[in-house]
Novice: 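One structure, as structure tokens, below. Some questions next.
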There are 2 protein chains.
Amino acid sequence: MKGKREEQSSTELKIFEAAREVFQAKGLEGARMQEIADKAKINKSMLHYYYRSKEKLFEKVYQLSIIRLIPQIASLLNEDTPLEMKLRNFTVKYLELIRHNSDIPLFVLHEMNKNPGRMKNFMLNEIGKKIQPFLQQLREERKKGNTVDLPAEQMLANIMSLLVFPFIGRPVFQVILNLDDSEFEQFIDKRLSYLPDYIVRVTLNKT
Amino acid sequence: MKGKREEQSSTELKIFEAAREVFQAKGLEGARMQEIADKAKINKSMLHYYYRSKEKLFEKVYQLSIIRLIPQIASLLNEDTPLEMKLRNFTVKYLELIRHNSDIPLFVLHEMNKNPGRMKNFMLNEIGKKIQPFLQQLREERKKGNTVDLPAEQMLANIMSLLVFPFIGRPVFQVILNLDDSEFEQFIDKRLSYLPDYIVRVTLNKT
DNA sequence: AAATAATTCAACCATATGGTTATATTTTGT
DNA sequence: ACAAAATATAACCATATGGTTGAATTATTT
């Protein structure tokens, strides 16, 4: 064998990565421990050696998924930059982020829906608190008449809707618009190209 | 007992309704036949008497869920009315529809994601085909310069995002914006009040 | 080299779950 | 009244699944 007693052994990571894929694709109840073991190419007992139980493994995956939704970008929202520039930066970076973690939003939403209690505090601390300054900034700019005349919460909801929903709705969009995978990628490329302007336009009062 | 040999016996409906609730809340794998039976206040074997298997019962619920997403409203999209009025009508009616079937979008999306093949044709026929005339109308109005300069598919994606996402994201919004159930209802009320104008504004070219 | 920790596997266990069967009662069409 | 369908229950079955155990092998520390 090779390096043991590291902080994260190679097998431990392989297991986690496999678990992440399976849980994100099928949800807690849809996932099978055997499938995770197979995908990680290890024996099932290794799962329990490292992660005690399905629940424990799931919670780690769940936590990481939430954290992935709000990396450096959260801090970006709290920088002391003008709103328009902030919106543009956020749009581009968040779209790229979701694009490379496109299974996460639906996964998190589905699990939150089944069990809103679990991870509630975690969510509140990791996301809820971090966006408060941004909401505050929206309120101030609204007072100055620089934004559309809507509560900050509504502006946020609209921005997040435009950014995230197409990924969550991907299977439906692909079917009803008859897009293969490559065409869906182009569909997202197109969004990347116009959404920064578009989101500024639907949030700020510029003409 | 009472009326038998009706098209839909009372117990059959009770079972279906219970199944609908449980499947929509927990998904195919998360649902327990016993829980459905309990909720319908009947014995488990009644489930199989009427619906053979979990799969069969699920498929019926799944189908109905998809159909509920596109009732009379689909036809509304194909009426021969001016685009602006159509957008306003659709926004109001679709928001009301989703509001009264708020579990359906996340349910359908989650199941579509786990198994995109199942129901693909059904989805295509029930939704895909029915929105084509609307897409066509968007394209024509775009040519005339009456809309934002985006492909019809993008306009549709944006409209649907704004309408549907807040319901799908409800558990997250409630946590991070700290809204109780009543406040979330107000949040939706607010959307109902401004979204018709807003969607017209972000879709059409009216200053 | 000895001790300890990490890794792997096969076999096994307990339970939950979907599904079945046998049987009995009630309702309804004719 | 009779037959057929509907309704209902309890007991049961087979299987899948999460989880455990124990023994063996390999690596790491000292």
Side-chain angles (χ1 to χ4, degrees), chain A residues 1-63 107 110-111 114-115 118, chain B residues 1-64 107 110-111 114-115 118-119:
Chain A
M1 318 243 137
K2 44 143 238 295
K4 305 294 152 54
R5 290 175 201 179
E6 304 161 12
E7 318 80 54
Q8 292 278 70
S9 75
S10 145
T11 36
E12 191 173 352
L13 279 178
K14 265 164 55 190
I15 291 173
F16 188 82
E17 190 57 21
R20 199 181 56 69
E21 285 180 39
V22 176
F23 279 131
Q24 287 180 359
K26 313 206 173 174
L28 170 57
E29 351 267 339
R32 298 285 150 246
M33 294 298 267
Q34 191 59 57
E35 189 182 350
I36 295 174
D38 291 348
K39 183 158 285 191
K41 292 199 203 115
I42 47 97
N43 189 282
K44 205 176 50 158
S45 50
M46 274 293 93
L47 299 184
H48 298 89
Y49 179 80
Y50 284 109
Y51 298 95
R52 304 270 305 168
S53 71
K54 188 185 187 183
E55 279 285 315
K56 295 258 172 52
L57 178 52
F58 170 78
E59 297 239 322
K60 295 219 168 184
V61 168
Y62 196 19
Q63 274 203 8
F107 167 66
H110 173 69
E111 298 298 338
K114 274 190 322 187
N115 186 343
R118 160 192 263 160
Chain B
M1 318 244 140
K2 45 148 237 296
K4 305 294 154 52
R5 292 178 199 177
E6 303 161 13
E7 317 78 56
Q8 290 281 66
S9 75
S10 145
T11 36
E12 191 172 353
L13 278 178
K14 266 164 53 190
I15 290 173
F16 188 81
E17 190 56 21
R20 200 182 54 72
E21 285 180 40
V22 176
F23 278 131
Q24 287 181 0
K26 313 203 174 177
L28 169 57
E29 349 267 341
R32 297 285 150 248
M33 294 298 265
Q34 191 59 56
E35 189 182 351
I36 295 174
D38 292 347
K39 183 160 284 189
K41 290 198 202 118
I42 48 97
N43 188 283
K44 204 177 48 159
S45 48
M46 275 291 93
L47 299 184
H48 297 89
Y49 180 79
Y50 284 108
Y51 298 95
R52 304 270 307 167
S53 71
K54 187 184 187 183
E55 279 284 315
K56 295 258 172 51
L57 179 51
F58 170 78
E59 296 239 323
K60 297 220 166 184
V61 169
Y62 197 18
Q63 274 203 7
L64 180 97
F107 168 65
H110 174 69
E111 298 297 338
K114 272 191 322 186
N115 187 343
R118 159 191 264 158
M119 295 289 127

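The chains referred to below are lettered A, B, ... by the order of the sequence lines, with proteins before strands, and numbering in each begins at 1. Values below: every heavy atom of this structure, side chains too, minus hydrogens, waters and symmetry copies.
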Novice: Does dT8(C) have OP1 or OP2 sitting under 4.0 Å from an N or O in the side chain of Tyr49(A)?
Specialist: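 Tyr49(A) to dT8(C) OP1/OP2: no side-chain N or O under 4.0 Å.
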
Novice: Roughly, in whole Å, what's the span from CG in Leu47(A) to P in dT20(D)?
Specialist: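 Spelled out: CG on Leu47(A) to P on dT20(D) is 12 Å.
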
Novice: Could you state the atom-to-atom distance from CE of Met46(B) to P of dT25(C) in whole Å?
Specialist: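 The answer, rounded to whole Å, is 16 Å.
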
Novice: With a 4.0 Å cut-off, would you call Lys14(B) and Glu17(B) a salt bridge?
Specialist: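 So Lys14(B) does not pair with Glu17(B) through a salt bridge.
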
Novice: Between dA5(C) atom C1' and Glu12(A) atom CD, what is the distance in whole Å?
Specialist: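 My rounded result for the distance is 14 Å.
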
Novice: Starting at CD of Gln34(B) and ending at P of dG19(C), how long is that distance when rounded to a whole Å?
Specialist: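 Distance check: Gln34(B) CD to dG19(C) P gives 13 Å.
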
Novice: Nearest-Å distance, CG (Asn43(A)) to P (dG22(D))?
Specialist: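 After rounding, the gap between these two atoms is 16 Å.
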
Novice: Check the orientation of Phe107(B) and Tyr62(B). Use parallel for under 30°, tilted for 30 to 60°, and perpendicular for over 60°.
Specialist: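 Answer is perpendicular, since the angle exceeds 60°.
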
Novice: Among Val61(A), Ile36(A), Leu57(A), exactly one meets side chain to side chain contact (heavy atoms under 4.5 Å, CB included) together with Val22(A). Which residue is that?
Specialist: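 By the side chain to side chain contact (heavy atoms under 4.5 Å, CB included) criterion, Val22(A) pairs with just one of Val61(A), Ile36(A), Leu57(A): Ile36(A).
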
Novice: What nucleotide among dA8(D), dT8(C), dG19(D) has an atom nearest to a side-chain atom of Thr11(A)?
Specialist: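 Out of dA8(D), dT8(C), dG19(D), the nucleotide with an atom closest to Thr11(A)'s side chain is dT8(C).
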
Novice: Look only at the side chain of Lys56(B) and the backbone of His48(B), and say whether a donor-acceptor pair between them is shorter than 3.5 Å.
Specialist: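 No, the answer is negative, given that no donor and acceptor are paired below the 3.5 Å cut-off.
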
Novice: May I ask you to decide whether Glu29(A) forms a salt bridge with Lys26(B), counting only side-chain N to carboxylate O separations under 4.0 Å?
Specialist: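 Result for this pair is no, no salt bridge flagged.
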
Novice: If you measure only the distance, is there a donor-acceptor pair under 3.5 Å linking the side chains of Asp38(A) and Gln34(A)?
Specialist: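 Distance-only check passes for Asp38(A) and Gln34(A).
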
Novice: Tell me the interatomic distance from Lys56(A), atom NZ, to dG18(D), atom C1', rounded to whole angstroms.
Specialist: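 After rounding, the gap between these two atoms is 13 Å.
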
Novice: Using whole Å, what does the distance between atom P of nucleotide dA16(D) and atom CD of Glu35(A) come to?
Specialist: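 Whole-Å distance recorded here is 15 Å.
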
Novice: For dG19(C), take OP1 and OP2 only and decide whether either is under 4.0 Å from a side-chain N or O of His48(B).
Specialist: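 For His48(B), the contact criterion (side-chain N or O under 4.0 Å from OP1 or OP2 of dG19(C)) is met.
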
Novice: Describe the nucleic acid contact of Ser45(A) in one word from base, sugar-phosphate, nothing, applying a heavy-atom distance below 4.0 Å.
Specialist: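 Touches a base.
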
Novice: Using a cut-off of strictly less than 4.0 Å between a heavy atom of the residue and any atom of DNA chain D, enumerate the qualifying residues of residues 19-33 of chain A by number.
Specialist: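 Ala31(A), Arg32(A), Met33(A), in order of number.
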
Novice: Considering residues, nucleotides and ligands other than Lys60(B), do more than 12 of their heavy atoms fall under 6.0 Å from its NZ?
Specialist: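 Result for NZ/Lys60(B): open.
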
Novice: Should the side chain of Lys44(B) and the base of dG19(C) be counted as holding a donor-acceptor pair, with the cut-off at 3.5 Å?
Specialist: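 Answer is yes: a donor-acceptor pair is held.
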
Novice: How close or far is atom P of dG19(C) from atom CD1 of Ile15(B), stated in whole angstroms?
Specialist: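 Rounded to the whole Å, the gap is 14 Å.
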
Novice: Choosing from dT8(C), dG19(D), dG18(C), which nucleotide comes nearest the side chain of Ile42(A)?
Specialist: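 Closest of the options to the side chain of Ile42(A): dT8(C).
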
